[in-house]
Each structure stands twice: as structure tokens, then as C-alpha cells.
Protein chains: 2
Amino acid sequence: MTSAPPTIEIIAVGTELLTPHYQDTNSLFITQRLNDLGLSVRFKSIVGDGAEDLESCVQTALKRSDWIFTTGGLGPTEDDRTREAVAAALGRELIFCPDILHGIESLFNKMGVPMSSSNRKQAYIIQDAEILANKNGTAPGLWVTEKEQRIILLPGPPRELEPMFAASVWPRIQTERSFYQAHKVLKMVGTGESSVESLISDLHPHDPRLNLTMLSSPGQIEIHLTARSDHNENEAKELVEELAENLQMRLQPYLFSTAGEELEEVVGRSLLQKHMSLAVAESCTGGLLGHRITQVPGSSRYFLGGVQAYSNQLKIELLRVPEQQIIQYGAVSAEVAQSMAAGIRNLAHANYGLGITGIAGPDGGTPEKPVGLVYIALESDHGSVCERSVFPGNRDGIKRRASQKALDILRKQLSSSSREDAERLDG
Amino acid sequence: MTSAPPTIEIIAVGTELLTPHYQDTNSLFITQRLNDLGLSVRFKSIVGDGAEDLESCVQTALKRSDWIFTTGGLGPTEDDRTREAVAAALGRELIFCPDILHGIESLFNKMGVPMSSSNRKQAYIIQDAEILANKNGTAPGLWVTEKEQRIILLPGPPRELEPMFAASVWPRIQTERSFYQAHKVLKMVGTGESSVESLISDLHPHDPRLNLTMLSSPGQIEIHLTARSDHNENEAKELVEELAENLQMRLQPYLFSTAGEELEEVVGRSLLQKHMSLAVAESCTGGLLGHRITQVPGSSRYFLGGVQAYSNQLKIELLRVPEQQIIQYGAVSAEVAQSMAAGIRNLAHANYGLGITGIAGPDGGTPEKPVGLVYIALESDHGSVCERSVFPGNRDGIKRRASQKALDILRKQLSSSSREDAERLDG
């Protein structure tokens with residue numbers, strides 16, 4: 001391998017990938033794992049099962065790329081033609097390999113079903129290719145070396161491709177590469193892309209070994225850092241850590257993770273560490289907040305549950321929101337959000353109670369109370385907090401931003417109570 | 001335009017599309033709209049901002065494709081090079097177009113900010129190209145004709161690309177095409193891909209004008225039908241309808257929509273039509289069912305709310321599940337699911353009460369009660385129903401399948417009560 005980084009191309013094979021219904025996600029997995037090793041992808045191609053189109057794509061790739069990964073088209077049917085196309089493009093034969101056939105036969109025997117004769121096709125390999133074992137399916141992968149070029153044929157189903165890549169492809173690339181890379185992701189909540197940009201505008205790295213990319217999604221900003229070293233892993237790590245520290249100082253109030261976690265994981269871990277419990281009262285989010293909290297395995301250790309108080313009757317009868325409050329201030333008001341938070345906290349005997357009420361739209365807005373208006377209240381021994389927001393976006397976006405904001409209010413309360421505890425101990 | 005369908009290629013331009021963080025979604029939009037006109041996409045390429053790589057991709061496309069759509073790379077920065085690359089590949093000049101510059105200047109004037117000098121670049125067009133107006137940004141699109149080939153340059157942001165495509169590209173393609181197409185989607189729940197396949201195996205169309213594609217996601221199967229006619233739209237529609245009717249007869253018990261709706265929309269509409277209300281008691285789904293129901297605008301007209309009874313205490317104190325039942329049968333049991341459904345129905349004064357209790361994993365499973373075990377109960381005036389399922393997949397998959405099954409149980413109850421009502425009227 002030369003020391004210049006190889007030109008890498010991924011060819012995703014499958015007619016379904018040319019419809020509006022399927023995305024090629026395998027290339028994201030492969031890209032992520034290659035990025036971890038300091039390698040970038042330069043071209044991606046998506047092509048159907050037709051033999052001619054497939055061969056033309058492989059030929060184009062052979063002209064411009066050093067490493068070519070193909071995904072899909074290794075199955076037993078007539079439509080699976082990646083082996084044939086790569087063999088034809090390289091001018092090689094397909095060779096029958098009895099060992100592979102025996103392996104496939106014994107797999108079918110184990111399942112107690114007869115092997116279809118079409119599976120015989122999968123026992124043919126490209127001349128001089130190395131076989132990559134498939135622990136989760138019948139199609140073996142192939143590693144083909146053509147002078148300085150490598151063509152790596154991988155199966156399409158992610159549950160076959162991913163373990164094969166981890167076991168047979170990644171370790172081999174890792175030992176062959178001539179440079180090192182380190183990563184760090186900073187995740188922020190409660191701020192926007194342009195605010196983050198203005199806070200860190202002078203910190204964009206000039207060092208060509210460093211890269212900074214900002215990504216945003218509703219209610220969340222991420223900064224992805226990568227550093228590259230030709231010498232050793234530590235140098236790459238130090239470069240990334242130094243930049244990350246400078247960024248963290250500027251972004252502290254918004255930063256919730258530097259370890260790739262979701263906001264609900266960070267909040268959950270903090271509750272667990274403090275032996276604190278949480279319950280939620282959701283109106284406009286309809287259950288999304290509880291759904292997100294319970295996506296975290298083990299969340300039953302701190303999440304007690306909640307009430308989806310969509311109707312006023314449930315707000316009044318279950319959460320004990322005073323009816324007079326709804327009449328006087330409206331169901332979407334700071335007063336009702338606070339009563340909901342206090343109500344669910346009482347009902348569930350929880351340390352923290354969150355209440356959300358708002359207008360998710362598209363109907364129900366007024367000039368005084370527009371679509372996107374959401375009140376979020378938090379009740380605890382530290383008292384009561386309520387924040388008013390007007391979120392942009394559609395129904396789904398407003399629900400997502402509201403659940404994100406609720407978790408952020410709790411996150412801030414948990415970290416300020418940690419500081420209070422620390423000060424008390426210091427004092 | 002010849003009567004043979006053109007070879008179509010989409011080139012998505014942008015270095016961010018070669019990272020693990022971004023997917024090219026513009027091509028899905030373009031593919032969908034082209035499919036609606038009976039046109040298929042044959043190649044997709046994804047390439048970064050580098051001039052050399054971009055030009056090589058355009059040259060490859062010019063060799064094999066009749067219609068080439070590029071997305072992205074029309075912005076004002078140094079990194080935006082699609083105009084240059086296409087001009088170079090075609091051997092054409094870039095021509096300065098004062099009208100475009102005036103348009104961009106007046107856009108900036110309206111916003112009250114000075115135009116950056118870099119925007120001047122956007123006023124250059126490929127020689128002899130037609131300009132596609134951009135109502136939502138500064139980058140105009142370009143339509144280039146090269147003998148029988150067309151190269152259509154579109155901006156990257158979807159909010160600029162989609163209106164431009166709808167206003168200037170789609171109508172032009174529609175008048176130029178020489179055939180017609182019709183579509184239909186059948187959506188099924190409560191069955192699997194292989195069961196559907198065995199029910200309809202003799203109905204796969206042999207007519208080359210018809211196409212049938214099956215798609216599956218956790219708890220849902222979809223059959224997408226398309227028909228094509230060289231003569232008129234009605235012929236295509238009739239072909240699709242005839243096939244759809246035959247399929248529907250076989251798939252009736254599982255079929256919930258032929259109009260592209262989600263299951264929660266279908267159930268919601270049925271509740272609304274019957275003036276019936278719903279409340280939910282969720283344990284392992286943590287709020288996902290309520291979240292899905294409230295994704296539908298106007299759901300407050302039939303959805304009253306629910307309880308996320310994650311802890312046993314909330315099951316007992318709020319939903320009035322007898323403590324003895326939890327001790328005797330366990331929290332994950334048919335008995336508790338039924339008590340939860342009855343409890344929330346009472347509390348919310350709802351016509352229908354759904355109760356879900358199960359083990360979403362990854363921990364908490366036993367040989368008798370494995371991860372994936374879920375009991376779902378429905379309480380109504382028609383009595384009580386409870387179903388036991390063991391769902392495959394991870395935590396998220398189990399939660400999704402449980403929410404899907406709950407909606408399906410309600411769907412079946414609603415349609416059987418419709419039949420009872422009809423029979424009563426007949427009698």
C-alpha cells in the first residue's frame with residue numbers, strides 16, 4: 001500500500017435501491033468504519049441488477065478507484081449478478097468451490113429444510129479471490145486483489161454485511177493503513193447553528209490534519225471533529241482533544257455529551273446516579289417524551305411513567321389541574337403546565353415531574369396562541385420552573401422540539417442541583 | 001423524444017454526502033416524481049465537490065445516460081462547481097447573465113442585507129442553457145439540451161429543488177413523455193412477507209405493462225402496483241385496478257389501506273366516523289402508541305389520552321390494576337393487560353381502552369416470559385379481547401410492533417362492529 005490515501009468507491013447493487021422506497025444504508029456503515037481508520041470515500045454508485053449496467057459501473061470504478069466495495073447481488077437468484085459482473089470486468093473465470101457448497105448444504109441441513117438448487121450458484125467464486133466467511137447467511141463475501149487494486153464483494157443484508165465487515169475486512173484494512181485517526185463528537189441542545197457558529201468562528205482549525213463539521217437536527221446541534229496523524233494514534237488523539245477542549249469552553253451551557261449519547265441517555269444516567277425518579281404529563285407531545293425516555297434500556301429504574309393528558313377531562317380528573325385555571329388561562333398556559341407537572345409528580349411519587357402543553361398544529365392556533373406555542377414546566381424539591389417556547393416546523397417537528405426542550409430543562413436542573421450539592425459539601 | 005424510455009441518471013453533488021451523516025434524499029423525491037410519469041432511474045452517482053471527480057462523473061453519465069439530473073453545487077462558494085464541471089464536460093463556455101445578477105441583487109435588497117461578491121458567480125450560466133427560476137434561493141437551475149440528451153442542473157436544498165422541479169421540470173417532462181402510468185399501494189398489517197407471498201403467488205403479473213413490488217417494515221407489508229400504457233391514462237388505471245381487486249380479495253383480512261394512509265390515520269378516521277373515543281394504557285411502549293395516534297392532525301377529536309404505567313405503582317394506584325393480580329400473574333400477563341385497558345377506559349370515560357404490557361428488553365426476559373413477550377388488551381362495549389405475541393427484534397422494534405398490533409386489534413374490532421351494525425340494520 002502506498003502512503004497516499006487510496007481512492008475508495010462503494011457500489012450498491014440492487015434494483016430496489018433505484019426506487020423511492022429504499023435508501024442504500026450499507027454505504028453509511030462502511031463509510032463510518034473507514035472514517036474511523038482515517039480513510040474517506042470518494043465515489044458512491046447505485047446500480048440495478050441488470051448485468052450490463054452493473055458491469056459498466058464496475059468498469060468505471062476500476063478506472064478511477066483503488067479500493068472498490070460492492071454491496072448486494074450475491075444471493076442465489078437469477079437477479080444476483082455481482083460475482084459475474086466483477087469477474088467479467090476483470091476478465092477472470094468463475095470457479096466452482098465444493099467447500100462453499102458443503103457449507104451451504106450443512107446450513108440447510110441444520111435448519112431441516114432442503115437446499116434449493118439455485119443456492120449452488122453461490123458456491124462459484126471469482127478466480128484467485130479470497131473467501132470472506134458469512135456467519136449469518138449463505139452468500140460468502142469475496143476479497144479480490146488486482147495488482148494495487150482491491151475489490152471487496154459484500155452481501156446486501158446488513159445483518160450479514162456488518163459482522164462480515166467487522167470480522168474479515170476491517171482488521172485487514174487496519175493493519176494495511178499507513179496513518180491514524182481520532183474522533184470526537186460534541187452534542188448541543190438549546191441553541192442554534194448560527195449561534196454556535198458565532199461562538200466558535202475563530203476556532204475553525206487551520207491545521208490540515210484537523211476537520212470540523214457541524215450537523216443540525218430539530219433541537220440539536222452536533223460538532224464532529226476528526227484528526228489525522230501519519231505517525232501514531234496518540235498524536236491524532238491529542239490534536240482532537242486540544243480542539244475539543246477549546247470548543248467545550250465556549251459551548252459549555254449547551255453541551256450535553258462528548259461521548260455520542262442521546263439526550264435521553266444523558267438525563268437518564270444523571271437521574272440514576274442521583275437515585276432520582278421522573279414522571280411526565282404530556283399533552284401536545286401525546287407520549288413522545290415517554291417513548292424517548294423508554295428507548296433507553298434500564299429506564300424503568302428511574303422512569304415511573306406518566307399521563308398523556310390530551311383531553312381537558314384527564315388534565316382535571318387525573319392530574320388535578322384546577323378547572324378554573326383552564327377556563328381562566330386556557331389549556332395551553334404556564335399555569336396549566338405547572339399544575340400538570342405538580343400533578344404527575346404527586347401521583348407517581350416522583351422526584352421530578354415534567355408537564356408539557358402546547359399547540360402542535362396545523363389547526364388550533366390563534367394570534368395570541370400561535371401553532372408551535374408550548375409551555376414546559378418542571379416540578380421538584382428545587383421548586384418550579386416553566387418555560388414558554390414558540391417552535392417552528394410541522395406537527396412532528398414541534399412535538400420533537402418540545403420533547404427535546406423538556407429533557408433539556410431537566411438536564412439543566414440536574415446539573416445545577418449537582419453544583420449546589422457540590423457547593424454545600426465545599427461549604 | 002424517442003418512444004423507448006430514456007436512460008436516466010441522477011448525480012448528487014456534495015462532499016457531505018460522502019460522510020456517514022448525510023443521505024442523498026433529493027434523488028428519492030426526483031425518482032418518485034419520475035416514477036409517477038412512468039419513468040425509471042437507471043443509475044445514481046454520489047460525488048464530492050472536487051472539480052476533477054465531479055467532471056469525471058458527468059462524463060461517465062454523458063456516455064451512458066439520456067437524461068442527467070444533477071443536484072447541488074450551484075451555491076455561491078468556491079466549493080460549488082457543478083456549473084463549471086458540466087460546462088467543461090460539454091466543452092461549453094460559462095456566460096455572464098446580467099438579468100440573473102439583478103434578480104439576486106433585488107433578493108438581497110428585499111432582505112435588507114448587502115449581496116456578497118461571491119454571489120456574482122451564480123449569474124454565470126452554461127452557454128445555450130435555459131434558466132429554471134428559483135423562488136426560494138439565489139441559485140437558478142439550468143436545463144441544457146445536447147442533441148438528444150438533456151442535462152438538468154438543480155440546487156441542493158430540498159426547499160429550493162422541490163418547488164423548482166414541480167414548477168419547471170415536471171410539466172415539461174410530462175408533455176414530452178409518450179406513455180402513461182397508474183399506481184396503487186395496498187398496505188397490510190398482522191401478517192408477514194412470506195404469508196402474503198404464498199397467498200398471492202399465482203397473481204404476480206405476466207403482463208409486461210404491470211409491475212408488483214412488495215416492501216416490508218416492522219409489523220407492516222406493502223404491495224406497490226404500477227401499470228403503464230402507451231395509449232392513455234385510463235388504460236393504465238384499469239390495468240392497476242383489475243390487479244388490485246384480485247389481490248384485495250385474497251388479502252382482505254390484513255388490508256388496512258389502498259390510499260397511502262398510515263394505520264393510525266385509518267383507525268382515527270374510523271373512530272371519528274363512529275363518534276367513538278379512545279384512551280390507552282401503555283407499559284412497555286412507554287408512550288409510543290399515544291405518540292403515533294397524536295401524529296394525526298385532529299386526533300384530539302377522538303383521542304382522550306392515556307397513562308404510561310411504567311411502574312407497578314402507577315398501574316395499581318392510577319389504573320386500578322388489582323395488586324393481587326400483579327403478584328399472582330406478574331405485571332406482564334393477560335390479566336394485567338385487561339385490567340389496564342379497563343382501567344384507562346373508566347378513567348377517561350372512553351368507548352375504547354387499549355392496554356399494553358410486555359418486555360421490550362434487552363434485559364428482563366426469562367424462559368417463561370422471554371424478551372419480546374407482549375400482551376395487548378382492548379376493552380369496549382363489545383367486551384374484552386386480549387392477544388399474546390412474542391415479537392422479534394430489538395427494543396425499538398418490539399415497541400414499534402407492539403404499537404402496530406394494538407392499532408390492528410382496534411382496527412379489527414371497529415370493522416367487525418361495523419359489520420354487526422350493518423347486519424342489525426339489514427335484520
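Here the structure is a predicted model, which is why all the values come from computation and not from measurement. Letters A, B, ... mirror the listed sequences (proteins, then strands); counts begin at 1.
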Quick one: which of [options] has the most heavy-atom pairs under 4.5 Å with chain B, could you say?
options                      : result
A/S40, A/P297, A/S45         : A/P297
A/G48, A/C57, A/C284, A/A348 : A/A348
A/L347, A/V47, A/I344        : A/L347
A/L314, A/V41, A/D363, A/I10 : A/L314
A/E9, A/Q295, A/Q32          : A/Q295

Side chain to side chain contact (heavy atoms under 4.5 Å, CB included) evaluation trace for B/S299 with A/Y310:
CA-CA 9 Å; B/S299 44; A/Y310 223 56; 3.7 Å; yes
Segment of [X] engaging chain A (4.5 angstrom heavy-atom cut-off):
X      : answer
B/E222 : neither
B/Y22  : both
B/N312 : neither
B/I11  : neither

Test of understanding: with side chain to side chain donor-acceptor pair (under 3.5 Å), list the residues that count as partners of B/H204, not counting sequence neighbours.
B/E197
For a 4.5 angstrom cut-off between non-hydrogen side-chain atoms, does [X] reach [Y]?
X      : Y      : answer
A/R64  : B/S56  : yes
B/V307 : A/Q308 : no
A/F43  : B/D53  : yes
B/H349 : A/E317 : yes

Quick one: does [X]'s side chain have a donor or acceptor within less than 3.5 Å of a partner on [Y]'s backbone?
X     : Y      : value
A/R42 : B/L18  : no
B/K44 : A/K44  : no
B/E16 : A/T213 : no

By a 4.5 Å heavy-atom criterion (distance strictly below it), what part of A/L17 contacts chain B: side chain, backbone, both, or neither?
backbone
Chain A interface, residue from B/T25, B/V280, B/V296 that has the most non-hydrogen pairs under 4.5 Å
B/V296
Among B/T15, B/T7, B/L28, which residue has the highest count of heavy-atom pairs closer than 4.5 Å to chain A?
B/L28
Rounded to the nearest 0.5 Å, what separates atom [atom1] in [X] from atom [atom2] in [Y]?
X      : Y      : atom1 : atom2 : value
A/Q59  : B/T60  : CD    : OG1   : 11.5 Å
A/L304 : B/L318 : CG    : CG    : 12.0 Å
A/Q23  : B/Q23  : CD    : CD    : 4.0 Å

How are the rings of A/H21 and B/H224 set relative to one another: parallel (under 30°), tilted (30 to 60°) or perpendicular (over 60°)?
tilted
Not counting sequence neighbours, which residues clear salt bridge (Lys or Arg N to Asp or Glu O under 4.0 Å) with A/R401? List them please.
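Residues passing salt bridge (Lys or Arg N to Asp or Glu O under 4.0 Å) with A/R401: none at all.
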Please report the shortest heavy-atom distance between A/N35 and B/P20, naming the atom on each side.
OD1-CD, 3.2 Å
Taking every non-hydrogen atom, the tightest pair across A/T294 and B/K399:
OG1-NZ, 2.8 Å
